[in-house]
Each structure stands twice: as structure tokens, then as C-alpha cells.
Protein chains: 2
Amino acid sequence: MNEKLFLRNPEDSELGRKIISNSIQLINKIGFEAFTFKKLATEVQSTEAGVYRYFENKHRLLLYIVDWYWSWQEYRLIFHTHNLNNAEEKIKKSIRILAAQVEDDIATDYINEKILCEIVMSEGAKSFLTKHVAEDNKAKFFKPYKDLSARLAGYISAYNPKYKYPHSLATSIIEMAHSQKFFMQNLPSLTDFTNAKSNRTVNSFLEDMTFAAISPGN
Amino acid sequence: MNEKLFLRNPEDSELGRKIISNSIQLINKIGFEAFTFKKLATEVQSTEAGVYRYFENKHRLLLYIVDWYWSWQEYRLIFHTHNLNNAEEKIKKSIRILAAQVEDDIATDYINEKILCEIVMSEGAKSFLTKHVAEDNKAKFFKPYKDLSARLAGYISAYNPKYKYPHSLATSIIEMAHSQKFFMQNLPSLTDFTNAKSNRTVNSFLEDMTFAAISPGN
DNA sequence: TTATTTATGATAGTTTTACTATCATTTTAA
DNA sequence: TTAAAATGATAGTAAAACTATCATAAATAA
């Protein structure tokens with residue numbers, strides 16, 4: 001994790017891990033706007049000042065958990081595509097990972113990936129939609145997202161080196177995987193998906209669109 | 001405009017119009033988080049209480065200007081596709097309108113569409129990324145966006161009635177048109193576009209992708 | 001034209017947020 | 001075992017996000 005994101009590394013102490021764990025729960029429960037360090041302090045049974053020793057402000061904390069999520073997704077992507085030997089399969093697997101319903105990974109005891117995924121869906125964009133994107137970018141706060149996007153773009157270029165928009169397409173796949181899930185849950189008329197098991201899934205929408213776009217003719 | 005968005009219709013008075021006009025300027029200048037009714041009151045040379053007589057809170061004001069923007073975009077779409085007689089041309093024109101660099105429309109004297117477009121790019125998602133989306137949706141606050149999306153989805157279905165994801169594709173086009181422009185300006189490595197005049201534009205990216213996805217084979 | 005409603009201005013007050021500061025105490029590491 | 005580091009407890013400040021009151025000005029209806 002980027003060390004500039006925190007004042008004290010939350011991984012290194014019990015309190016730090018409780019801060020991360022309870023932040024994820026609390027942000028998901030009340031939303032990022034209503035989330036305050038005071039409320040979080042109550043949850044972790046510490047004080048406001050105690051939380052401020054770990055994170056400068058709540059936006060940094062959001063960046064931390066969002067970065068954690070993207071790093072984790074890239075790790076999963078590497079792990080699951082590692083043994084695949086052609087670009088087509090790698091792209092398909094990547095889309096499946098990104099569009100899938102995330103389940104909690106018990107290997108990480110203080111982070112609930114399922115809830116974290118919900119947060120990234122509904123609060124993730126707020127990590128970069130600020131007046132200080134430029135500084136945050138300079139501080140490399142968006143590196144995990146960029147790395148993931150670049151990796152997928154790499155697979156796209158490997159599949160079709162002539163395709164002109166590998167980065168934009170990769171970023172769009174990642175964005176749409178989350179936004180379509182958000183719309184499906186909250187503004188379903190903006191999508192063609194229902195919660196019921198259907199063959200019209202975010203995954204097949206993205207897969208169809210991607211391969212149509214990058215098919216060797218293009 | 002949806003009457004539930006405001007307490008007093010800002011169109012009907014000088015102060016109301018100044019509130020809208022200066023909100024657009026001020027939100028663009030300092031960002032939605034730092035934007036307060038007190039600062040706005042200073043700009044319009046009125047008082048905080050004065051602004052609160054028009055809008056319940058700043059989120060309603062954001063919804064108001066964002067809704068205004070989508071209504072305006074749909075109007076432009078209708079106007080410019082009206083004389084076209086085939087779906088392909090309508091889709092191409094729609095994408096061009098959505099991806100284009102918006103210029104100020106002098107017909108609307110107190111609204112600067114160019115700045116408004118910037119706001120929708122960097123703050124627009126905050127209008128629905130809240131814990132009260134469901135209520136806001138019930139109050140029909142997202143109708144202008146949905147109408148625009150449904151119209152584009154209609155053109156897509158007219159072009160290829162067998163295409164399975166017209167709504168998701170339409171929504172994605174609208175979202176990507178804005179997010180790709182945001183990334184181009186702020187996190188350019190996530191895209192394949194440069195500010196320089198190039199044939200790799202958001203417009204051609206979206207057009208290529210759209211027609212690849214909906215070509216009659218699919 | 002006057003009476004009355006309605007909009008605005010001026011001011012004040014409350015609760016919550018987003019911090020910063022201080023000092024005592026506990027825990028950990030050398 | 002001692003010093004350093006982390007935590008807890010408490011207090012305080014400035015600004016944000018409202019709500020309330022009352023006087024005055026402008027618009028409108030009788």
C-alpha cells in the first residue's frame with residue numbers, strides 16, 4: 001500500500017485493523033457522506049483523536065480501502081489468468097472476475113471483500129471526483145486502479161495489436177462492470193438486467209461488447 | 001423541471017436565476033464538497049437564509065442543475081436527429097452530441113452549458129451515488145437522465161431489434177462519454193486520447209464500439 | 001389607492017463536522 | 001528495566017448545515 005495514504009500503517013496494529021474493518025462496515029451502512037471519524041471511533045471503541053493518528057481525513061481512508069480493493073482485484077486477475085496461454089481466454093477471465101458477484105475472501109480476516117465491492121460500486125468514484133485529483137494523482141494514489149487497467153489493456157493489445165483504444169476500453173470495462181451493477185440494483189430501467197438468473201448478465205454484455213469491438217477486423 | 005426539486009422555482013425570480021447561475025460557476029470553481037450556501041449567498045449578494053428559501057440543501061440544487069443538463073441534452077438530441085430518417089444516422093448523431101465539447105448556448109442567458117458540462121463530468125455521479133437514491137428515484141429526480149438513455153436505447157433497438165442490451169449500451173455510452181473526458185483531462189493514462197487534435201477521439205471510440213456491438217450479426 | 005400577501009434582508013442561534021492540542025497512561029521494543 | 005511509542009481521555013475551535021424571527025420592500029388583489 002502507498003505509504004502516503006496513512007500516518008500510521010493500519011496493518012501493523014490491532015486498532016489499525018479495526019479501523020479498516022469497521023470503516024468498511026460503517027461506510028457501507030451509512031454512506032460516505034454521513035461517515036465520520038467520531039462515529040467510527042465509537043465502533044472501534046477508541047476516540048476520534050485515535051483514528052486521526054492513522055488517517056489524515058476520511059478521504060484518505062476511502063482512497064486506502066479503494067486502493068486495497070483494486071490491488072486485490074489485480075492480484076486475482078494475475079492469479080487466474082497466469083495459467084492461460086491465449087489473450088482471448090485472459091480477457092474473458094478478466095471480465096468474469098470484474099463483473100462477478102464478489103464473495104468475502106476468508107484469507108483476509110479483517111477485510112470483507114463482498115462489502116468492499118459494494119462500497120467501490122457506490123462510493124468508489126468519489127475517490128477521484130475531487131478538486132484535488134491532480135495532487136492525488138501525483139502522489140500515486142490511483143496506481144492500483146491504473147495498474148489493473150493497464151494489465152487488461154495489455155491483454156486487449158495482445159489479442160489485437162491493431163485495436164486503437166486498448167486503454168479506454170479497459171477502463172470502460174472496469175467502470176461499466178461496477179456502474180451497471182449499481183444501476184441494476186438502484187435504477188434498473190437504465191439496464192437490461194434483472195436480479196433474477198437470466199442469460200442477460202453484466203458479464204455477457206461486457207464480453208459481447210469487448211470482443212465485438214476488438215475483433216481482428218477492427 | 002421536477003417541482004419537488006425546489007421550494008421556490010428559481011426560474012421565476014431574479015434571485016432564483018442568480019442562484020442557478022452562480023451555483024454553476026461556484027461549484028465548478030471550488031468543487032461540490034467545498035461549495036456551501038453561505039459562499040453562494042455572498043456571490044449572489046443575498047443571505048444564506050435566502051438561498052435556503054429556494055433549495056432544501058445543496059444536493060437538491062445539484063440534482064436541479066444536473067437534471068437541467070440532461071433535459072437540455074435530450075432536447076438537443078431530439079432536435080438534431082429529428083430530420084434524420086435512419087437509425088444509424090440517429091445513433092451517430094447522438095454519440096456526436098454526447099461526446100462533443102459542449103459550448104455555451106447563448107439562448108439561455110443565466111446558464112453556461114459549457115461549465116455545466118464540466119460539472120456533470122466531475123460532480124454528476126454524486127447526484128445518484130447517495131444512500132437516498134431509492135427515494136430520489138421515487139421522486140423522479142433521475143427522469144431526465146432516464147429519458148435520454150431510453151431515447152438512445154430506442155435508436156439502438158430500431159437499428160438492430162435483436163440486440164440484447166440496448167438500455168445498458170445506451171447508459172454506458174452516456175457514462176463513458178463523460179468519464180472518458182474526465183480521465184482524459186485528469187488521469188490520461190487511463191485513456192488513449194490526448195488533448196491534441198488526433199483521430200483517436202472519444203467520439204470515434206464510442207462510435208466504433210457501438211456499431212461493433214450492435215452490428216446485425218449480434 | 002389601499003390593504004394584504006409574498007419575497008427578501010438582516011441577524012441570531014443550534015447542532016454537527018472536521019479537525020488540533022494536551023497530558024496521562026499503557027504497551028512494546030531495546 | 002527503561003525509554004520510546006501508542007493509546008485514551010478530554011477539551012477546544014472554526015466552519016458547515018441548517019432553523020427561527022422579525023423588519024422591510026415589492027408585488028398583487030380588493
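No hydrogens, no waters, no symmetry mates; every other heavy atom, side chains included, goes into these values. Below, read A as the first sequence line, B as the second, and so on, with proteins coming before strands; counting in each chain starts at 1.
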[X] [atom1] to [N] [atom2], straight-line distance once rounded to whole Å:
X       : N      : atom1 : atom2 : result
B/Asn57 : D/dT19 : CG    : C1'   : 14 Å
A/Tyr52 : D/dA11 : OH    : C1'   : 15 Å
B/Leu61 : D/dA17 : CG    : P     : 13 Å
B/Phe35 : D/dA17 : CZ    : P     : 10 Å
A/Leu7  : D/dA5  : CG    : P     : 16 Å

So B/Phe37, base contact, sugar-phosphate only, or nothing? Heavy-atom distance under 4.0 Å. nothing
Under 3.5 Å donor-acceptor pairs involving side-chain atoms of residues 100-108 of chain A, not counting sequence neighbours:
unit_1, atom_1, unit_2, atom_2, d
A/Asp104, OD1, A/Glu113, N, 3.3
A/Asp105, OD1, A/Ala107, N, 2.9
A/Thr108, OG1, A/Asp105, O, 3.0
A/Thr108, OG1, A/Ile111, O, 3.4
A/Thr108, OG1, A/Glu113, OE1, 3.4
A/Thr108, OG1, A/Glu113, OE2, 2.4

Given the ring of B/Tyr54, does B/Arg8 sit roughly above its face, with NZ or CZ under 6.0 Å from the centre of the six-membered ring and within 45° of the axis? yes
B/Lys58 to B/Phe32 six-membered ring, cation-pi geometry met (6.0 Å, 45°): yes
Is any side-chain N of the basic residue among B/Arg151 and B/Glu74 closer than 4.0 Å to the acidic one's carboxylate O? yes
So A/Leu61 and A/Phe37, do their side chains get closer than 4.5 Å, heavy atoms only? yes
I want to know whether B/Phe141 and B/His59 have ring centres closer than 6.0 Å. no
Taking atom types as modelled, find out whether B/Ser94 and B/Tyr155 have a side-chain donor-acceptor pair closer than 3.5 angstrom. no
May I ask you to check whether A/Thr171 and A/Ser168 show a side-chain donor-acceptor distance below 3.5 Å? no
Which of residues 19-28 of chain A have a heavy atom under 4.0 Å from DNA chain C? none
Reading 5' to 3' through nucleotides 4-17 of chain C, protein heavy-atom contacts under 4.0 Å coded B for base, S for sugar-phosphate only, - for none: ---SBBBB-----S
